[in-house]
2 protein chains.
Amino acid sequence: MAQRVTNQRRAIEHVFETCARPLSTQEILEQAAAAVPGIGIATVYRAVRELQDERRIAAVPIAGEAPRYERARHAHHHHFYCQKCTKVFSIDECPGDLSRLLPPGFRLMDHEITLRGECAECAAAT
Amino acid sequence: MAQRVTNQRRAIEHVFETCARPLSTQEILEQAAAAVPGIGIATVYRAVRELQDERRIAAVPIAGEAPRYERARHAHHHHFYCQKCTKVFSIDECPGDLSRLLPPGFRLMDHEITLRGECAECAAAT
DNA sequence: ATAGATGCAAAGAGTTTGCATAGGT
DNA sequence: ACCTATGCAAACTCTTTGCATCTAT
């Protein structure tokens, strides 16, 4: 039978609909728990995997950090990692073609840029 | 007393001196084990941490992958991840200043670029 | 009523740590 | 002889999985 609409799943989907930036599984758990107290981390992992399979959310891999997840977007974009608060933000632009950096013989299929520094909030607090 | 020169440490340092690309802890273990059979993974982790503290090697964080380690270099550079063989290669160049991508108020301190695709060897095998 | 979804706890994978002992100084 | 570095195994963290139970359909 088809997928069921549960409170947990609804809460997790709602988190992605309203969040402004990519979230970690812990952040998803905490925000979903506001609507469904007692929700388990396994449910978050399961829902995240299914939403990824359905291409409704995308993993945002941050080197040295647990992946964050955000609503799937059509446009290619990158991310900013705040070294103070560890939050991740989306960056809409892309510097463009990087194939000129490649050694001969290498085939470029994708690229990923992570900017690091302080987000506006943390920079203002300095 | 000062740090001791053991066969294990010598072997691990030798791996970095001769390797052409950033290595994972498993790769380090395997290559060091050629010189010191029975060397334990804990020894590799401990040596890697100490070499990092001494700034003799640097971690190469690859999003979604275990970090690789390479000899510390002075020049800023980036990395290429081969999606076929999972090996990581160094890329000497950098596209330059990316601060124009930043949202207002954000403070840029570093950036990291991972190119993905096929290395020369894997591309040739296609 | 049925079968997919959930929560818990156990199991894995990767990394770190405690401890007795080997071995560099 | 001293005391650091090692190897093993246990501990930890993060993620996945098994299973009894719950619940949407």
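A, B, ... follow the sequence lines: proteins, then strands. Residue 1 opens every chain. Keep in mind that what you see is a predicted model, and the values were worked out from it rather than measured.
You'll find the side chain of B/Cys94 reaches within 4.5 Å of the side chain of B/His78, heavy atoms only.
Between C/dG14 and B/Thr25, no contact under 4.0 Å exists linking OP1 or OP2 to a side-chain N or O. Within the 4.0 Å cut-off from OP1 or OP2 of D/dT6, not a single side-chain nitrogen or oxygen of B/Arg10 is found. Here B/Thr43 reaches the OP1 or OP2 of D/dG7: one of its side-chain N or O atoms lies under 4.0 Å away. For D/dA5, neither phosphate oxygen OP1 nor OP2 lies less than 4.0 angstrom from any side-chain nitrogen or oxygen of B/Thr6. The phosphate of D/dG7 (OP1 or OP2) has a side-chain N or O of B/Gln8 nearer than 4.0 angstrom.
One atom, CZ of A/Arg49, and another, P of C/dA5, lie 12 Å apart when rounded to the nearest Å. As rounded to whole Å, 17 Å separates atom P of C/dT21 from atom CZ of B/Arg4. When the P atom of C/dA5 is taken as reference, atom CG of A/Asn7 falls 14 Å away, rounded to whole Å. A straight line from CZ of B/Arg9 to C1' of C/dT25 spans 15 Å, rounded to a whole angstrom. In this structure, B/Ile28 atom CD1 and C/dG14 atom P are separated by 15 Å, rounded to whole Å. Atoms CD (B/Glu13) and P (D/dA5) sit 12 Å apart, rounded to a whole Å. At whole-Å resolution of the value, CD1 in A/Ile12 and C1' in C/dA5 are 11 Å apart. Per the geometry, OH belonging to B/Tyr45 stands 3 Å off P belonging to C/dT15, to the nearest Å.
A salt bridge links A/Glu50 with A/Arg9: the distance from a Lys NZ or Arg NE/NH1/NH2 to an Asp or Glu carboxylate oxygen falls below 4.0 Å.
Nearest-nucleotide positions on DNA chain C place A/Arg46 closer to the 5' end than the other of A/Arg46 and B/Ile41.
Between A/Glu70 and the choices A/Val60, A/Val88, A/Ile57, the side-chain contact (heavy atoms from CB on, under 4.5 Å) rule is met once, by A/Val60.
The listed nucleotides are C/dT17, D/dT6, D/dA5; the one nearest the side chain of B/Gln3 is D/dA5.
At a threshold of 4.0 angstrom between heavy atoms, the contacts of B/Ala66 are confined to the sugar-phosphate backbone, with no base atom among them.
For B/Arg55, the CZ atom counts as loosely surrounded, since its 6.0 Å shell holds 12 or fewer non-hydrogen atoms of other residues, nucleotides or ligands.
Side-chain atoms of A/Arg21 never come within 3.5 Å of backbone atoms of A/Cys19 as a donor-acceptor pair (strictly under, hydrogens ignored).
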